[in-house]
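Just so you know, ligand 1 is whichever comes first in the structure, and atom 1 is the first atom listed for that ligand.
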Amino acid sequence: MNVSIEPVTGSPLIKVTLTNNYLSASFYNFGARMHQLFTPNKEGLSENILLSYDSVEELLSDKSYFGAVVGPVAGRIKHAQWKDFPLEKNCGTHHIHGGSQGWSYQFWTIELLEDPDVIGIRFHLEDSVSGYPGPINVRVTYKLVDHSLIMTTDYQSMNPTIVNPTSHSYFNLSGEGQQDLDTHSLLVNASHLLETDKETLPTGKIIPVKELPLDVSKMQSFPAIFSSFKEGLDDCFILNKTLPTALTLTEQTSGRKMEIATTNQSVVLFSTTGFDAPFLINGKPMHSNYGLAIEPQQFPDSVHHPSWPSIELPPLQKRQQETIYRFSCL
Ligand code: FUC
């Protein structure tokens with residue numbers, strides 16, 4: 001069976017599982033979330049390489065976007081304001097990740113793909129509750145193709161609005177969260193980083209990667225990253241679009257390697273530094289540096305930086321972003 005769809009007893013959740021010869025991925029209708037992703041290690045043992053809630057109740061009360069599609073707009077919007085439209089202040093005086101009624105917290109409908117040769121699933125949402133002008137229609141398609149998971153996000157709106165979606169999976173390539181980030185290494189094909197202030201809002205200054213305390217456009221171990229970025233990573237890197245791969249993450253004990261390609265201009269990386277919480281993730285309480293959230297997207301808070309690429313969406317204009325996650329072993 002390549003595609004299975006099953007309700008989770010006693011909850012509003014529906015779980016979809018896609019399986020091919022190399023990968024197995026499961027998703028929930030709640031936030032069109034990626035829940036688990038199984039890939040083989042260097043011995044051929046297939047294990048989950050996402051940070052995943054152990055309990056369905058905790059998943060349903062999630063506030064940290066585990067595996068979720070984030071939208072309409074990912075990241076912080078200063079003073080929760082776009083033009084004349086006030087947005088929910090759910091991050092101090094600012095707005096973040098589509099708000100408490102954003103795409104991550106809505107129930108999406110599920111459509112089976114008609115092509116019997118394709119292992120994939122499509123989620124749909126008509127968003128009129130997040131507080132953004134709309135309604136915004138969005139569909140997210142996940143497909144397994146050989147060693148890759150391909151995620152495509154298509155969207156359009158009835159009225160002028162802003163959209164900048166992302167996927168908010170936290171990766172831990174060791175398998176089942178056996179190690180922390182310190183056994184991982186990272187290369188980002190970035191040209192620049194967006195400088196941020198104390199509230200993690202972009203200041204407008206764009207710093208060349210060569211001027212950072214550590215040049216992450218070369219493969220760097222996480223111990224080296226943590227000794228240069230003292231507070232860990234919660235940063236937006238502008239991608240060097242002449243290169244096909246945006247980012248490579250490897251893990252030494254399992255031998256796993258993940259390469260990401262994306263149509264987006266940037267990627268936000270959040271190393272979960274300082275993120276300690278009592279809920280169980282892969283059998284352990286959530287803790288600092290347990291995983292890396294990799295969030296391909298357009299620049300955060302671009303509505304307040306007119307010279308940056310716009311995320312404004314005119315009525316009935318169709319937009320699409322695609323991200324490919326490719327897995328192999330070292
Ligand atoms: C990332 C970060 C934020 C926040 C959220 C849960 O996107 O940029 O700081 O903690 O995840």
Side-chain angles (χ1 to χ4, degrees), residues 30-35 50-53 58-80 87-105 130 151 153 163-172 181 186 188 190 193-203 216 225-226 229-239 246-247 249 260 262 264-279 281 285-305 311 321 323:
F30 178 56
R33 285 164 195 250
M34 227 196 288
H35 176 53
L50 296 181
L51 295 189
S52 314
Y53 279 105
E58 279 172 333
L59 169 86
L60 285 167
S61 54
D62 166 69
K63 301 261 182 301
S64 305
Y65 310 88
F66 279 74
V69 172
V70 172
V73 174
R76 290 161 182 80
I77 297 181
K78 194 172 187 170
H79 300 142
L87 300 167
E88 183 192 359
K89 291 182 178 156
N90 63 326
C91 178
T93 58
H94 311 297
H95 175 82
I96 191 170
H97 288 340
S100 60
Q101 306 297 314
W103 295 356
S104 306
Y105 302 110
S130 65
M151 176 182 181
T153 308
V163 183
N164 180 15
T166 192
S167 168
H168 205 291
S169 292
Y170 297 88
F171 292 88
N172 178 325
L181 279 182
L186 173 72
V188 193
L193 171 137
L194 298 188
E195 185 188 71
T196 47
D197 64 15
K198 286 198 169 55
E199 295 183 292
T200 327
L201 282 154
T203 63
V216 294
I225 292 170
F226 289 135
F229 295 82
K230 298 287 182 212
E231 291 166 7
L233 297 177
D234 192 354
D235 288 291
C236 181
F237 294 89
I238 302 178
L239 296 168
L247 177 155
L249 184 69
I260 295 182
T262 182
N264 286 282
Q265 288 157 325
S266 58
V267 63
V268 170
L269 299 177
F270 171 49
S271 59
T272 67
T273 307
F275 182 1
D276 293 286
F279 51 76
I281 297 291
M286 181 61 207
H287 56 275
S288 186
N289 302 339
Y290 195 14
L292 181 69
I294 302 175
E295 310 163 42
Q297 60 192 264
Q298 306 298 90
F299 302 177
D301 201 32
S302 62
V303 294
H304 294 116
H305 298 273
I311 59 162
Q321 296 289 358
T323 298

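Checking Y170, W103, F30, Y105 one by one against Y65, the ring-ring contact (aromatic ring centres under 6.0 Å, His included) holds for a single residue, Y105.
Taking a heavy-atom cut-off of under 4.0 Å, ligand 1 is surrounded by R76, H97, H168, Y170, D234, F270, E295.
Residues passing the side chain to side chain donor-acceptor pair (under 3.5 Å) test with E58: none are found, sequence neighbours excluded. By the side chain to side chain donor-acceptor pair (under 3.5 Å) test, D234 pairs with no residue at all, sequence neighbours left out. For E199, the side-chain contact (heavy atoms from CB on, under 4.5 Å) partners at least two apart in sequence or on another chain are H94, D197, L201.
Without hydrogens or angle criteria, T272 side chain to N289 main chain gives a donor-acceptor distance under 3.5 Å.
Ring-centre distance between F299 and H305: not below the 6.0 Å cut-off.
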